[in-house]
Amino acid sequence: MKILHIHPSMAGGGIEAMICGLVNEMAKVHDVTLCTIFEPKKEDVFEKKLSSSVHRISLGKKIPGFSIKEVFDIYRCIRDGHYDVVHIHGFFYYYSLAVYLLHKRVKFVYTIHSDAAKENTIWDKRFIRIKKYAFQKDYIHPVTISKESKWSFAAYYGLDSTLIYNGIPDYIAQNNVSKLIEYRKTDKTKLFLHPGRISEPKNQVVLVKAFDRLIKEGNDVVLLIAGSKQDLQIWSEIEPYLTERIVYLGERSDVRDLLAESDAFCLPSIWEGMPVTLLEALSVGCIPICSPVGGIPEVITNGENGFLSSDSSEEAYYKALKSFVSCTDVEIKDIKQKCLKTFDKFRISEVVKKYIEVYKSII
């Protein structure tokens, strides 16, 4: 099967991690091409993790912002490639011309990586009637990534979708050298890692305020934050809380290695789809402490394989952190084992099988 995946770039992020895993696994059996709209950069995290079996195309866009040129470039790329399936990931406005002119020749699959309404950018909202019509006429086959995502799609578009949970490859440690030992103040220090772009949905202001309370109470804890400074206003609110126990690591390409060394994974988000970082945490036995948004409650049962706050507020998340801090070593060990067992359902090989079934069913 000849398959094309398209996304703006392979910079660091959950969607990019998911796409990287999909194309690498699919390329083991199928003829797979990945097209990015923006020209690859040296710092693009997942660009470096693509398999040599994946064919690579870039449209070479350099300047941020929307241009009609890319709409025509994508159309020509798909038209000339003679693909069986074109798998698009968000940003419908880029693909609209290709979908409308080529849907009789090419089958399109569209993964909604978050809430169906909230995933729409400003430009997607301007194209929303065209987008809805494309779904209604079955020009595109929609895939959602959690029950919450599926419900949001039904509510927003009035249509059904195929549910396929996200997945990732098994973890393979790169080396045995510790990357985080310097952050453990004592042999009892609990290390917490929050990987995520500094942005409104990730709720980092609540995160640092909750940790500030824990630290002032005398708890031996350290919070590490890894992610790009996407929203500078939010960064300005976080920065005053940075200390030797709340540390900003910058954007990292080794998040899974960091999770493998951390005791807990923090995600107090306001909204989510099915976070790839959550699956990465489970895969290495790093205990999740999350807010109950998106597909997270479908994966985490409070007190069993992680901890869920009652909502995304500071008080609720602080209480969830306290629940973890109060656990005994025996309880922590048991929860870690349950995390690893939960991950069995989210291996990328199983996810790819389901996507290939969808592809075959619509061709």
Side-chain angles (χ1 to χ4, degrees), residues 1-9 15 18-19 22-23 25-27 29-38 54-61 66-114 116-117 119-121 123-145 149-150 152-164 351-363:
M1 194 181 304
K2 194 172 184 182
I3 304 163
L4 175 69
H5 285 259
I6 310 181
H7 191 61
S9 80
I15 295 175
M18 180 62 194
I19 295 170
L22 281 178
V23 298
E25 187 69 20
M26 287 181 180
V29 177
H30 301 278
D31 183 348
V32 177
T33 299
L34 172 65
C35 174
T36 52
I37 297 168
F38 285 88
V54 177
H55 305 302
R56 195 68 182 80
I57 298 174
S58 171
L59 301 183
K61 182 176 173 65
F66 174 62
S67 167
I68 197 70
K69 178 181 181 297
E70 285 77 43
V71 174
F72 284 93
D73 287 344
I74 289 169
Y75 164 73
R76 285 188 288 267
C77 174
I78 295 172
R79 180 197 63 191
D80 298 341
H82 304 289
Y83 300 101
D84 298 307
V85 174
V86 174
H87 194 147
I88 55 183
H89 302 268
F91 306 97
F92 172 80
Y93 55 91
Y94 278 126
Y95 320 119
S96 55
L97 183 66
V99 167
Y100 271 83
L101 295 183
L102 298 173
H103 68 270
K104 292 182 179 179
R105 292 168 48 187
V106 180
K107 298 302 179 183
F108 289 87
V109 172
Y110 181 107
T111 297
I112 295 91
H113 288 279
S114 184
E119 70 135 11
N120 289 315
T121 63
W123 279 99
D124 261 354
K125 289 176 182 176
R126 293 176 180 175
F127 280 70
I128 200 63
R129 290 184 181 179
I130 299 173
K131 188 177 182 181
K132 285 183 177 181
Y133 188 80
F135 282 132
Q136 289 166 354
K137 292 298 181 179
D138 203 27
Y139 293 173
I140 316 171
H141 186 92
V143 173
T144 46
I145 59 170
S149 175
K150 185 179 176 73
S152 72
F153 186 85
Y156 195 71
Y157 294 105
L159 299 168
D160 196 14
S161 61
T162 300
L163 170 57
I164 301 178
V351 174
V352 165
K353 286 178 186 177
K354 293 175 182 176
Y355 270 111
I356 296 300
E357 287 173 8
V358 169
Y359 296 170
K360 288 180 177 178
S361 73
I362 63 176
I363 290 177

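None of the values given here were measured: they were computed from a predicted structure.
Rounding to the nearest 0.5 angstrom, the gap separating the CG atom in Leu4 from the CD1 atom in Ile57 is 6.0 Å. Between the SG atom of Cys35 and the CD1 atom of Ile88 there is a distance of 12.0 Å, given to the nearest 0.5 Å. Atom CD1 of Ile164 is separated from atom OG of Ser149 by 11.5 Å, given to the nearest 0.5 angstrom. In this structure, the separation between CD1 on Ile363 and NZ on Lys107 is 8.5 Å, given to the nearest 0.5 Å. In this structure, Ile74 CD1 and Leu97 CG are separated by 9.5 Å, a value rounded to the nearest 0.5 Å. For the atom pair CG (Leu59) and SG (Cys77), the distance works out to 6.0 Å, reported to the nearest 0.5 Å.
Applying the ring pair (Phe, Tyr, Trp, His ring centres under 6.0 Å) criterion to Tyr110, with sequence neighbours excluded, gives Phe135. In terms of the salt bridge (charged side-chain N to carboxylate O under 4.0 Å, His left out) criterion, residue partners of Asp160 (sequence neighbours excluded) are, by chain and number, Lys150. For His55, the side chain to side chain contact (heavy atoms under 4.5 Å, CB included) test picks out Asp31, Thr33, with sequence neighbours left out. Legend: residues meeting ring pair (Phe, Tyr, Trp, His ring centres under 6.0 Å) with Phe92, ordered by chain and number and at least two apart, are absent. Residues passing the ring pair (Phe, Tyr, Trp, His ring centres under 6.0 Å) test with Tyr139 are Tyr100, His103, sequence neighbours excluded. Scanning for ring pair (Phe, Tyr, Trp, His ring centres under 6.0 Å) contacts around Tyr355 gives His87, with sequence neighbours left out.
More than 12 non-hydrogen atoms from other residues, nucleotides or ligands lie less than 6.0 angstrom from NZ of Lys61. Shown here is Lys2, whose NZ atom has more than 12 heavy atoms of other residues, nucleotides or ligands within 6.0 Å. Heavy atoms from other residues, nucleotides or ligands lying under 6.0 Å from NZ of Lys137 number 12 at most. Counted within 6.0 Å of CZ on Phe72, heavy atoms from surrounding residues, nucleotides or ligands total 12 or fewer; the atom is thus considered open.
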Take Val351 and Met18 through the test side chain to side chain contact (heavy atoms under 4.5 Å, CB included) and record every step on the way to the result. CA-CA 10 Å; Val351 174; Met18 180 62 194; 3.7 Å; yes
Give the C-alpha distance, both sets of side-chain angles, the deciding distance and a yes or no for side chain to side chain contact (heavy atoms under 4.5 Å, CB included) between Asn120 and Tyr93. CA-CA 10 Å; Asn120 289 315; Tyr93 55 91; over 6 Å; no
Just do the side chain to side chain contact (heavy atoms under 4.5 Å, CB included) check on Glu70 and Phe91 with the steps written out, would you? CA-CA 12 Å; Glu70 285 77 43; Phe91 306 97; over 6 Å; no
Which is it for Ile78 and Phe108 under the side chain to side chain contact (heavy atoms under 4.5 Å, CB included) test, yes or no, and what are the steps along the way? CA-CA 11 Å; Ile78 295 172; Phe108 289 87; 3.9 Å; yes
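Ala116 and Ile112 make their closest contact through CA-CG2, 4.0 Å (heavy atoms, listed as atom of the first residue, atom of the second, distance). Considering all non-hydrogen atoms of both residues, Leu34 and Arg56 come closest at O-NH1, 3.3 Å.
Cation-pi geometry between Lys131 and Tyr95 is not met: the NZ or CZ atom fails to fall both under 6.0 Å from the ring centre and inside 45° of the normal.
A side chain to side chain donor-acceptor pair (under 3.5 Å) with His89 is found for exactly one of His7, His113, Glu119, namely His113.
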